[in-house]
S.K.: 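Can you keep this structure in mind? I'll have questions shortly.
For reference, positions follow the sequence shown, starting with 1. All values derive from a computational prediction rather than experimental measurement.
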Amino acid sequence: MISFSTFEIAVANEIYIEQIGDTLDLDITQDGKDNEFGDSTTDAGLFGDDMTFSITQTGDTNTVDAIIAGDSYTGTWVFTGNSNNVDLLCNSTATTGGGNCDTVVLNITTTGDYNNFDFKIGETNDASDATVNFTVDGDYNLVDMDLDGTDANITVTIDNTAVATTSTVPSANDAALTTSGPRNIIDLSISGSRDSLGHTVTVDISGGLSVYTITQSGI
């Protein structure tokens, strides 16, 4: 007689990529807990023009830490779970590859609580045509975005419960946002000289007790 025992082991999935070249089309799906696409020690680096990169993470305490450099980037990012951390730098001065993040179309959807999103797109007026859409369904989430360009179109849709309690929102690179406070925190900073179309920000809020800060500069 042989006795069998079954053990279910959850192993985190870690992906580190340095891609150089144009017309990349990359789709990544990660399921489970503690998954990583890059981290604070080793970024995932994608360098090239006409790039399409989409990522879906389902689970808790997952990480995205990515650098993108290229003239044109399109992405769809979907997150489901709690306590996830997402950092994106669309960086015109990256040492590998180059590119100015000139045209960016990025759609981010998250369902869950205590998630931290830190996005920096364009530098020194580079994001000449940027369209970024955030859809957040949950509580105690932080969206911190700095965008420098001439034609920025930002849409943020928030849906959260309205219970009169407080908790600690996840910390961000911006120390001013590392506070105990209510529900979701949205901090948008849009700068650049703008073109004839200017910058557009649309915020759609459902629920209460959240904090929203929008700073625009330029002509």
S.K.: Evaluate the criterion side chain to side chain contact (heavy atoms under 4.5 Å, CB included) for residue pair S72 and D49; output intermediate values, then yes/no.
M.R.: CA-CA 5 Å; S72 178; D49 298 334; 5.7 Å; no

S.K.: Under a 4.5 Å cut-off applied to non-hydrogen side-chain atoms, are V104 and C90 in contact?
M.R.: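 A side-chain contact exists here, since the closest heavy-atom pair is under 4.5 Å.
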
S.K.: Please give me the minimum heavy-atom distance between Q57 and T63, naming the atom from each residue.
M.R.: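 Looking at all heavy atoms of both residues, the shortest contact is NE2-O, 3.2 Å.
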
S.K.: Do D60 and N62 pair up side chain to side chain, a donor and an acceptor below 3.5 Å, judged on atom types alone?
M.R.: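 D60 vs N62: no donor-acceptor pair found between side chains.
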
S.K.: Using side-chain heavy atoms (C-beta onward) and a distance below 4.5 Å, is F117 in contact with I108?
M.R.: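 In contact.
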
S.K.: Would D87 and N85 satisfy side-chain hydrogen bond (donor to acceptor under 3.5 Å, both in side chains), going step by step from the backbone distance to the final call?
M.R.: CA-CA 7 Å; D87 286 277; N85 190 79; 2.8 Å; yes

S.K.: Hey, are the side chains of N153 and V132 touching, using non-hydrogen atoms and a 4.5 Å cut-off?
M.R.: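 Sidechains of V132 and N153: no contact.
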
S.K.: When you compare the side chains of D34 and T61, does any donor N or O come within less than 3.5 Å of an acceptor on the partner?
M.R.: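 Their side chains do contain a donor-acceptor pair, which is all the 3.5 Å distance test asks for.
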
S.K.: Return yes if some donor-acceptor pair links the side-chain N/O of N115 with the main-chain N/O of N141 below 3.5 Å, else return no.
M.R.: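 A pair under 3.5 Å: no.
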
S.K.: Determine the minimum heavy-atom distance between A69 and M51, stating which atoms define it.
M.R.: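 Here A69 and M51 meet closest at O-CE, 4.1 Å.
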
S.K.: Are side-chain N/O atoms of Y16 and D39 paired as donor and acceptor at under 3.5 Å?
M.R.: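 Checked: Y16/D39 side chains pair up, N/O donor to acceptor below 3.5 Å.
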
S.K.: Does a side-chain heavy-atom distance below 4.5 Å link L142 with N184?
M.R.: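 No - every pair of side-chain heavy atoms lies 4.5 Å or more apart.
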
S.K.: As an exercise, state the distance from CG of L24 to OG1 of T52, rounded to the nearest 0.5 Å.
M.R.: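 Between atom CG of L24 and atom OG1 of T52 there are 7.5 Å.
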
S.K.: Are any of the side-chain heavy atoms of V203 and I214 separated by less than 4.5 Å?
M.R.: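 With C-beta onward as the side chain, the pair touches.
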
S.K.: Is a side-chain N or O of Y140 found less than 3.5 angstrom from the main chain of S83, in a donor-acceptor match?
M.R.: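 Absent.
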
S.K.: Anything under 30° is parallel, anything over 60° is perpendicular, the rest tilted; go ahead and classify F119 against W77.
M.R.: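 Ring orientation, 0 to 90° scale: tilted.
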
S.K.: Just so I know, are the side chains of T74 and D50 near enough to count as touching, which here means a heavy-atom distance under 4.5 Å?
M.R.: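 They are not in contact (no side-chain heavy atoms under 4.5 Å apart), so the answer is no.
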
S.K.: Any donor-acceptor pair under 3.5 Å linking the side chain of Q30 with the backbone of E36?
M.R.: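 Pair found, side chain donor or acceptor close to backbone of E36.
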
S.K.: Just by distance, do the side chain of N84 and the backbone of G59 share a donor-acceptor pair under 3.5 Å?
M.R.: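 Checking the backbone N and O of G59 against the side chain of N84, a donor-acceptor pair under 3.5 Å is found.
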
S.K.: Could you check L46 against I67 for side chain to side chain contact (heavy atoms under 4.5 Å, CB included), going step by step and ending with a plain yes or no?
M.R.: CA-CA 6 Å; L46 307 176; I67 295 177; over 6 Å; no

S.K.: Give, for atom CD1 of I158 and atom OG1 of T135, the distance between the pair rounded to the nearest 0.5 Å.
M.R.: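 I158 atom CD1 to T135 atom OG1 measures 8.0 Å (nearest 0.5 Å).
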
S.K.: Show the nearest heavy-atom pair for residues K33 and A12, with the distance to one decimal.
M.R.: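 Reported closest heavy-atom pair: O-CB, 3.7 Å.
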
S.K.: Would you check if I55 and F37 make a side-chain contact, meaning some heavy-atom pair closer than 4.5 Å?
M.R.: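 Yes - at least one pair of side-chain heavy atoms lies under 4.5 Å apart.
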
S.K.: Once you round to the nearest 0.5 Å, how far does CG of N160 lie from CG of D137?
M.R.: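 With rounding to 0.5 Å, CG (N160) is 8.5 Å from CG (D137).
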
S.K.: With rounding to the nearest 0.5 Å, note down the distance linking CG in L88 to CD1 in I121.
M.R.: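 Separation between the atoms: 6.0 Å.
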
S.K.: Hey, what do you get for CD1 (I68) to CD (Q19), rounding to the nearest 0.5 Å?
M.R.: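 So the CD1 of I68 and the CD of Q19 are separated by 11.5 Å.
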
S.K.: Could you tell me whether the side chain of D113 and the main chain of N82 form a donor-acceptor pair under 3.5 Å?
M.R.: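 Flag not set: sc D113 to bb N82 has no pair under 3.5 Å.
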
S.K.: Would a hydrophobic clustering, with Ile, Leu, Val, Met, Phe, Trp and Tyr connected at side-chain separations under 4.5 Å, put L147 with V105?
M.R.: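 In one cluster: no.
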
S.K.: Nearest 0.5 Å, please: how far is CG in D146 from CD1 in I190?
M.R.: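 It is 9.0 Å, given to the nearest 0.5 Å.
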
S.K.: Count I, L, V, M, F, W, Y as connected when their side-chain heavy atoms are under 4.5 Å apart, and connections chain through other members. Are I17 and V64 then in the same cluster?
M.R.: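 Same cluster: I17 reaches V64 through Ile, Leu, Val, Met, Phe, Trp or Tyr contacts under 4.5 Å.
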
S.K.: Indicate whether any N or O donor in one side chain lies under 3.5 Å from an N or O acceptor in the other, for N13 and N35.
M.R.: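 No pair is found: no donor N or O on one side chain lies under 3.5 Å from an acceptor on the other.
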
S.K.: Do Q216 and V201 come within less than 4.5 Å of each other through their side chains, counting heavy atoms only?
M.R.: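 Of all side-chain heavy-atom pairs linking V201 with Q216, at least one is under 4.5 Å.
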
